[in-house]
Amino acid sequence: HVQLVESGGGSAQVGGSLRLPCVASGGGVYYSNTGCMAWFRQQPGKEREAVAAIRYYGTPTYSPSLQARFTISKGEGASKNSIYLHMTSLNPDDTATYYCAAAPGGSCSLEASNFPYWGQGTQVTVS
């Protein structure tokens with residue numbers, strides 16, 4: 001059973017940066033040839049939206065509106081079951097709960113329905 005644990009959330013100042021790790025356990029869902037992991041976020045009062053996705057052996061995909069400021073990356077070696085989201089130039093609109101998601105195969109596009117596994121989320125507040 002795959003479990004995803006996000007961390008790194010908290011308060012940030014406008015213009016600041018945060019780095020969110022997500023650690024997967026319970027299976028090699030990510031670092032297989034077909035695995036995919038992603039970040040989504042849900043702003044207050046809004047629907048969940050995609051941020052970025054990455055295959056272990058592939059290039060990342062980003063939401064066009066966030067690509068300039070957000071970077072998804074993968075862990076290496078002992079951290080190969082992890083992904084990270086580096087957020088820069090934060091603004092109050094980035095206030096949201098950030099969720100990590102994983103899929104053992106299939107599409108790695110930015111559709112929530114592609115991902116059967118989800119973390120509990122980590123809250124980011126920018127002020």
Side-chain angles (χ1 to χ4, degrees):
H1 178 66
V2 176
Q3 292 185 316
L4 304 173
V5 179
E6 309 95 334
S7 61
S11 298
Q13 293 185 335
V14 173
S17 301
L18 279 178
R19 183 172 179 260
L20 307 181
C22 171
V23 180
S25 62
V29 63
Y30 175 54
Y31 49 85
S32 68
N33 288 335
T34 60
C36 177
M37 289 182 72
W39 286 98
F40 289 75
R41 72 180 186 180
Q42 188 164 17
Q43 298 161 295
K46 296 185 178 180
E47 294 186 355
R48 192 171 299 187
E49 66 169 339
V51 176
I54 188 169
R55 289 196 193 277
Y56 192 75
Y57 297 105
T59 56
T61 304
Y62 290 94
S63 167
S65 63
L66 299 173
Q67 184 169 4
R69 300 187 296 115
F70 288 15
T71 302
I72 189 171
S73 61
K74 55 193 180 187
E76 302 289 345
S79 298
K80 64 181 179 180
N81 60 335
S82 301
I83 62 168
Y84 305 89
L85 183 67
H86 187 208
M87 307 184 292
T88 63
S89 300
L90 289 166
N91 62 67
D93 286 341
D94 296 319
T95 294
T97 300
Y98 286 75
Y99 296 92
C100 178
S107 174
C108 198
S109 64
L110 297 174
E111 297 286 341
S113 59
N114 291 333
F115 298 91
Y117 304 112
W118 291 83
Q120 293 298 307
T122 186
Q123 176 67 37
V124 172
T125 302
V126 183
S127 61

Say you draw a straight line from [atom1] of [X] to [atom2] of [Y]; how long is it, rounded to the nearest 0.5 Å?
| X | Y | atom1 | atom2 | answer |
| --- | --- | --- | --- | --- |
| K74 | S82 | NZ | OG | 13.0 Å |
| S107 | F115 | OG | CZ | 7.0 Å |
| S89 | F70 | OG | CZ | 9.5 Å |
| S17 | L90 | OG | CG | 6.0 Å |
| T61 | I54 | OG1 | CD1 | 8.5 Å |
| N81 | L4 | CG | CG | 10.0 Å |

Quick check: is [Y] connected to [X] through a chain of hydrophobic side chains (ILVMFWY, heavy atoms under 4.5 Å apart)?
| X | Y | result |
| --- | --- | --- |
| V126 | M87 | yes |
| V124 | W39 | yes |
| Y98 | I83 | yes |
| L20 | L66 | yes |
| V14 | L18 | yes |

Looking only at heavy atoms, which two atoms of [X] and [Y] are closest? And how far apart?
| X | Y | result |
| --- | --- | --- |
| A24 | M37 | CB-CE, 4.1 Å |
| R55 | C36 | NH1-CB, 4.2 Å |
| A96 | R41 | CB-CB, 4.0 Å |
| P104 | P116 | CD-CG, 3.9 Å |
| A103 | N114 | CB-O, 3.3 Å |
| A53 | A38 | CB-CB, 3.7 Å |

Plane angle bin for F40 and W118 - parallel if under 30°, tilted between 30 and 60°, otherwise perpendicular: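 Correct class here is tilted.
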Hey, is the main chain of [Y] close enough, under 3.5 Å, to the side chain of [X] for a donor-acceptor pair?
| X | Y | value |
| --- | --- | --- |
| Q43 | E47 | no |
| R69 | T88 | yes |
| E6 | T122 | no |
| Y62 | I72 | yes |

Atom CD of Q120: over 12 foreign heavy atoms under 6.0 Å: no
